[in-house]
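One structure below.
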Amino acid sequence: VGESLMRACWGPFIALLNDREHDRLIVTRDAAGGRPIFLAARRQFSAVFTHAEDWLLCEPDACADHHYISAFVAQSRIVTGATGLEGVREILPGERWSSGRDQSAIDVIWRPATPALSHASFKESAEAVRGAVFECAGAWAALGRPITHRLSGGVDSAVVLAGLVRAGANEIVCVNERPIGFAEGDEWEAAQETARTQGVRIIAAPASPDRVDYRQLLEAEFHAKPSLADLSYAEPSLMETLAQLSGAIVTSGQGGDQIFQRGPAPYAGADALWDGVSSSAFMRIAADVARQARTHVWDVFAQALLLGLLRRRFDALAAQSFDTPLATEAGRARANRYRQNHSWMEDAAKTSPARAMRITRLIDLSFYAQPTCLAARYVTAPVLASKPVLECVLSIPPYVMIEGGVDRSLERAAFAESIPAPLRQRARKGDATQYHTKVLERNLPFVRELSLEGELARHELLDRDSLNRALAGVWITDG
């Protein structure tokens, strides 16, 4: 029970199923992880819940899970079933929890397994991607509810907007979160051009570091897991802007980096040999990989030989580590164990290097499913992070995604007729480093107090000396 639902349905769902034939309760969650749900198993009963504050009413003496918290300090985007509460587990995307009279268990009913090798051309692959994205955008548009679209000025949010407009969405208003006084992160002009191209209205949500107060986090809803998404409760500008609009659904381009393989792909040449492409095709692919990854073609040959032809063991997690110097050694070790133990890493271990890297990126999509003040008040629609798009992309070889040696060339080709020409040629994302540095400067006294004199330091869940040195540094804000 649950497999047929997972095959037939997509979207940010949680399903609770009563299996009368086997007298058991089934709880499952969509493959892209659009909504979090948690499980607490006790001797007398088991509870499933979406809001930690509800669980605390049942167990007011719940304790913090210091192991998980120390791992979170090491890698803040870690995806694991463990939570910040002892004895509480998150049911991860694609998992199923079954509870009967005698026993309960968790298994996996959707995996990012690589399907049979696709021999589709670059053009055919682009058409498939475009069809999948437009299908998902069309499904949200078909609800007939007003939509507020977060238009960043980048490619991914422009792609989603194109899909919504094409589907004839009832009413669309775009919002651009514009940092005032920080040119490096200001994409207002690019967002305006995209909105004009699609014939929709756009307004700015002016963001200022002076309005970001981390003390507001102390009054925010308590969550089962800490998350960088919690910082949304300290920044009011977006929510104030949305409150002026009638949109019931909020869309964005979130998930595009993971779905469309943003960034260097130095191992894609190994995948080509793994797939047994012809020698002429491999030479072309190797040149594309070297150009896209900005490395020497001989390095691509070496990686392809070791990992593609000889099938040497490849550690996709080690190839993209996110450790912070503020973590303890124990925290780093736990974070790495949590990452290795994710059920989808079994699939990563069985496939080619670039595909394994793609699976780790798909795991990262769960980051966007963490609770935020936005998700608490609106229906958030993950158009790109939807199962039809995931499954479409998984069928396409990674080296096809960068054909021509251009980052995300398949995405650019798929939507070439739907987004402005300057955007199709864009090679970088907006940078908000100066903005966030100012935010930290403004909140530095509170950050120091909470981190150096609070529970994290008292329980030795972070490296206090490293943090003290970092917070005593001189912040560079003039670029």
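Treat the numbers as computed from the prediction; the structure is a model and nothing was measured. Numbering of residues begins at 1 and proceeds along the displayed sequence.
- A salt bridge links Glu90 to Arg29: at least one charged side-chain nitrogen sits closer than 4.0 Å to a carboxylate oxygen.
- Salt bridge status for Arg339 with Asp364: absent, with no side-chain N to carboxylate O gap under 4.0 Å.
- Counting only heavy atoms from C-beta outward, the side chains of Leu362 and Leu394 approach each other to under 4.5 Å.
- Put simply, the side chain of Val79 does not reach to within 4.5 Å of the side chain of Phe367, judged on heavy atoms.
- Formation of a donor-acceptor pair under 3.5 Å by the Thr372 side chain with backbone atoms of Ala375 is found in this model.
- A centroid separation of less than 6.0 Å is found between the aromatic rings of Phe415 and Phe134.
- The side-chain contact (heavy atoms from CB on, under 4.5 Å) check on Ala71 picks up Ile78, Arg334, Ala335, Tyr338, with sequence neighbours excluded.
- Evaluation of the side-chain hydrogen bond (donor to acceptor under 3.5 Å, both in side chains) rule for Asn336 yields Gln75 as partners, not counting sequence neighbours.
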> What's the verdict on side chain to side chain contact (heavy atoms under 4.5 Å, CB included) for Asp65 and Thr83, showing C-alpha distance, side-chain angles and the deciding distance?
Replying inline: CA-CA 7 Å; Asp65 186 329; Thr83 71; 5.7 Å; no

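- With hydrogens and angles disregarded, no donor-acceptor distance shorter than 3.5 Å links the side chain of Asn176 to the backbone of Ala204.
- Residues Trp344 and Trp110 place their aromatic rings such that the two centres sit under 6.0 Å apart.
- Checking side-chain atoms of Glu403 against main-chain N and O of Leu410 turns up no donor-acceptor pair under 3.5 Å.
- Between Leu365 and Leu390 there is a side-chain heavy-atom pair separated by less than 4.5 Å.
- Closest approach of Ala137 and Gly163 over heavy atoms only: CB-C, 3.6 Å.
- Scanning both residues, Gly144 and Asn170, for their nearest heavy atoms gives O-ND2, 3.4 Å.
- Checked by atom type, the side-chain pair Ser99/Ser46 shows no donor-acceptor distance below 3.5 Å.
- Counting heavy atoms from C-beta on, the side chains of Arg424 and Val155 never come closer than 4.5 Å.
- Heavy atoms only, all atoms of each residue included: Pro353 and Phe314 are closest at O-CE2, 3.5 Å.
- Applying the ring pair (Phe, Tyr, Trp, His ring centres under 6.0 Å) definition to pairs two or more places apart or across chains, those involving residues 62-107 are His66-His459.
- Looking only at atom types and distance, the side chain of Glu411 has no donor-acceptor partner in the side chain of Ser409 under 3.5 Å away.
- Between the side chain of Glu124 and the backbone N or O of Ser121, at least one donor-acceptor pair lies under 3.5 Å.
- Contact between Gly253 and Val160 at its shortest, heavy atoms only, is CA-CG2, 4.2 Å.
- Side-chain atoms of Thr351 do not come within 3.5 Å of backbone N or O of Asp347 as any donor-acceptor pair.
- Take Tyr214 and apply the ring-ring contact (aromatic ring centres under 6.0 Å, His included) test, not counting sequence neighbours, and it matches no residue.
- The heavy-atom pair separating Val175 from Leu238 by the smallest distance is CG1-CD1, 4.0 Å.
- Contact check for Ile172 versus Leu161: side-chain heavy atoms found under the 4.5 Å cut-off.
- Under a 4.0 Å N-O distance rule, the pair Arg7/Glu3 does not qualify as a salt bridge.
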>> side chain to side chain contact (heavy atoms under 4.5 Å, CB included), that's the test. Do Arg355 and Ile359 meet it? Break it down for me.
In response: CA-CA 6 Å; Arg355 290 185 175 92; Ile359 288 174; 5.7 Å; no

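- The main-chain N or O of Ile203 is never found under 3.5 Å from a side-chain atom of Arg178 such that the two would form a donor-acceptor pair.
- Across Arg77, Arg408, Arg361, a single residue satisfies salt bridge (charged side-chain N to carboxylate O under 4.0 Å, His left out) together with Asp257, and that is Arg408.
- Salt bridge absent: Arg111 and Glu95 never bring a charged side-chain N and a carboxylate O closer than 4.0 Å.
- Asp186 places no side-chain N or O within 3.5 Å of a backbone atom of Phe182 that could act as its donor or acceptor partner.
- When side chains are defined from C-beta on, Ser208 does not count as touching Ser237, because their heavy atoms never get closer than 4.5 Å.
- Not one N or O on the side chain of Thr324 forms a donor-acceptor pair closer than 3.5 Å with the backbone of Ala327.
- A heavy-atom distance below 4.5 Å is found between the side chains of Pro398 and Gln261.
- Residues Lys387 and Asp30 have side chains not in contact (no heavy-atom distance under 4.5 Å, counting atoms from C-beta outward).
- The CZ atom of Arg337 sits 11.0 Å away from atom CD of Gln340, with the distance rounded to the nearest 0.5 Å.
- Shortest non-hydrogen contact noted between Ala162 and Gln198 is CB-NE2, 3.6 Å.
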>> For a side chain to side chain contact (heavy atoms under 4.5 Å, CB included) check, start with the C-alpha distance between Arg96 and Ile106, then their side-chain angles and the critical distance, and finish with the verdict.
In response: CA-CA 6 Å; Arg96 171 181 59 186; Ile106 290 180; over 6 Å; no

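- Of the possible donor and acceptor atoms, none in the side chain of Ser104 sits under 3.5 Å from a partner among the backbone N and O of Ser98.
- Under the rule for a ring-ring contact (aromatic ring centres under 6.0 Å, His included), the partners of Phe49 that lie at least two apart in sequence or sit in another chain are Phe38, Trp55.
- A salt bridge does not link Glu235 to Arg211: none of the charged nitrogens lies less than 4.0 Å from a carboxylate oxygen.
- Asp230 contributes a side-chain N or O that, together with a main-chain N or O of Ser227, makes up a donor-acceptor pair within less than 3.5 Å.
- For the pair Glu171 and Arg145, the salt-bridge criterion is not met [side-chain N within less than 4.0 Å of a carboxylate O].
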>> Please determine whether side chain to side chain contact (heavy atoms under 4.5 Å, CB included) holds for the pair Leu218 and Phe446, giving the CA-CA distance in whole Å, both sets of side-chain angles, and the decisive distance to 0.1 Å.
In response: CA-CA 11 Å; Leu218 300 177; Phe446 175 69; 3.9 Å; yes

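- Every pair passing salt bridge (charged side-chain N to carboxylate O under 4.0 Å, His left out) that includes a residue from residues 11-25 is listed here, sequence neighbours excluded: Asp19-Arg24, Asp23-Arg101.
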